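Order of listing sets the numbers, starting from 1, for every ligand and every atom in it. Keep in mind that what you see is a predicted model, and the values were worked out from it rather than measured.
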Amino acid sequence: MIDVHVHLAALPTPANGCRLSPRMRKSLLAKAVALAQGLPWADPEAANRRYLENLSRELAASRRVSRAVLLALDGVYGADGRLDEPRTHFLISNDAVLEAARGSKAFLAGVSINPMRADALEEAERCADAGAVLVKFLPNAQGFDPAESRFKAFYRALARRNLALLSHVGFEFSLIGHDQSVGDPARLRPALEEGVTVIAAHGCSTGLFFFERHLRTMRELAARFPRLYVDTSALTLPSRAGMLWRLPAIQELRGRLLLGTDYPLPVFSYPCAFRPAAWLRAVRANNRFDRQAEVLSGLGLEPLADDAVARVLKLDGL
Ligand SMILES: [Zn+2]
């Protein structure tokens with residue numbers, strides 16, 4: 001399978017175009033990732049190499065997942081279409097993921113473009129030319145509403161260049177968030193109407209432990225738009241597992257599930273604990289990719305195989 005939701009993390013270097021604010025540097029998430037991955041803060045180049053080596057090793061150990069879409073993260077932009085540096089706490093540049101994917105059999109480039117940026121269309125063209133397979137955005141942290149009609153030209157450019165759109169859905173706690181209401185999947189309707197293949201992240205879960213407020217919207221959108229897919233990223237986290245348990249009953253999503261882990265976030269086995277054989281396989285998996293696949297199998301969920309994902313992402317040469 002192909003994991004469509006794997007994050008590149010990188011410390012800023014003079015060459016890589018990435019950013020990390022002092023506030024984000026001090027965050028629990030940044031510290032936890034650095035600790036778990038053994039990243040040397042004082043040596044950004046070495047830390048960035050180590051992160052990719054760790055990821056490559058874990059992916060190579062997987063029996064069920066062979067490739068991963070590596071995701072960039074664009075920043076916050078002002079009304080003038082320019083990067084809002086004080087509000088951009090974390091930025092993983094498109095060049096960093098394009099560089100990591102270049103010549104790699106394991107990695108595909110998932111660039112990130114905030115549609116508010118003045119050069120959004122040019123950047124989409126540039127990234128498509130450079131081999132990007134999808135565009136990721138995260139409205140809550142990137143500070144925009146995907147439903148704004150002025151973004152239609154951007155969506156048309158994505159559709160024309162066969163770039164799928166992977167959008168965060170639900171609340172966002174990992175990064176420094178802004179308006180949480182823009183995580184509503186209903187806001188992705190204009191992109192779908194313009195013919196974009198949309199992958200709603202995290203199975204359209206709300207991320208608030210209890211009530212899955214987006215369930216109805218997801219069913220309506222899936223019934224109306226055959227190009228809507230959902231990924232399984234972060235669904236074993238306690239805040240999102242409620243949706244994981246609901247997904248097997250959702251007929252509209254048959255054949256629309258894409259495997260995603262949200263690496264480097266952890267993947268837990270407990271969601272399939274009531275199926276002891278599947279749970280044991282998940283517990284024994286020595287990598288997050290297989291654990292995620294085993295949990296999904298244990299729940300009767302079958303994400304699309306790599307050739308089907310290649311068709312969804314319109315990859316050539318597969
Ligand atoms: Zn993610």
Side-chain angles (χ1 to χ4, degrees), residues 1-10 18 20 24 27-30 32-33 36-37 51-52 54-55 58-59 65 67-76 88-94 96-97 100-101 107-114 132-144 146 164-178 180 182-185 188 198-208 214 229-241 243-244 257-268 288-289 291-292 295-296 303 309 313:
M1 284 187 278
I2 298 176
D3 184 331
V4 299
H5 198 131
V6 166
H7 289 279
L8 179 63
C18 299
L20 186 67
M24 192 67 201
S27 72
L28 194 63
L29 176 74
V33 170
Q37 302 255 348
Y51 184 87
L52 270 177
N54 290 345
L55 169 57
E58 192 163 343
L59 189 58
V65 179
R67 298 202 287 172
V69 179
L70 208 50
L71 302 175
L73 183 72
D74 203 354
V76 180
T88 296
H89 292 283
F90 189 36
L91 190 152
I92 296 294
S93 72
N94 293 338
V97 296
F107 300 133
L108 298 160
V111 296
S112 181
I113 303 171
N114 184 329
V133 302
L134 61 79
V135 171
K136 162 86 192 282
F137 63 37
L138 206 170
N140 318 41
Q142 290 170 336
F144 67 93
L165 174 65
L166 169 60
S167 176
H168 174 88
V169 170
F171 276 64
E172 170 59 50
F173 296 116
S174 304
L175 299 164
I176 295 162
H178 301 279
Q180 297 284 7
V182 294
D184 185 336
L188 299 171
V198 173
I199 305 167
H202 319 308
C204 272
S205 56
T206 308
L208 285 180
H214 303 316
Y229 295 80
V230 302
D231 82 24
T232 64
S233 58
L235 285 177
T236 69
L237 301 186
S239 57
R240 294 187 182 270
M243 185 57 106
L244 185 58
L257 204 60
L258 304 181
L259 182 124
T261 51
D262 222 349
Y263 184 103
L265 295 187
V267 174
F268 297 108
R288 277 166 266 206
F289 307 101
R291 189 171 308 125
Q292 179 90 17
V295 169
L296 296 174
V309 177
L313 298 178

Fill in: side chain to side chain contact (heavy atoms under 4.5 Å, CB included) between Leu244 and Val295, worked out
CA-CA 10 Å; Leu244 185 58; Val295 169; 4.1 Å; yes

Worksheet item: Nearest 0.5 Å, what's the CG-CG distance between Leu91 and Asp74?
Response: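 Spacing of CG (Leu91) from CG (Asp74) equals 5.5 Å.
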
Practice prompt. Assess the side chains of Asn114 and Gln142: does a donor N or O sit below 3.5 Å from an acceptor N or O?
Written response: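 Note: Asn114 and Gln142 side chains miss the donor-acceptor criterion.
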
Item to complete: Could you tell me whether a side-chain N or O of Ser167 sits under 3.5 Å from a main-chain N or O of Ala200, the two making a donor and an acceptor?
Response: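 Not confirmed, Ser167 side chain does not pair with Ala200 backbone.
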
Worksheet item: Of His202, His168, His7, which meets side-chain hydrogen bond (donor to acceptor under 3.5 Å, both in side chains) against Ser233?
Response: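 The residue from His202, His168, His7 that satisfies side-chain hydrogen bond (donor to acceptor under 3.5 Å, both in side chains) with Ser233 turns out to be His202.
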
Practice prompt. Mind listing the protein N/O/S atoms less than 2.8 Å away from the Zn ion (ligand 1)? Waters don't count.
Written response: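 Short answer, with waters excluded from the count: His5 NE2, His7 NE2, Asp262 OD1.
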
Worksheet entry | Derivation of the side chain to side chain contact (heavy atoms under 4.5 Å, CB included) call for Val33 and Leu29 | CA-CA 6 Å; Val33 170; Leu29 176 74; 4.3 Å; yes

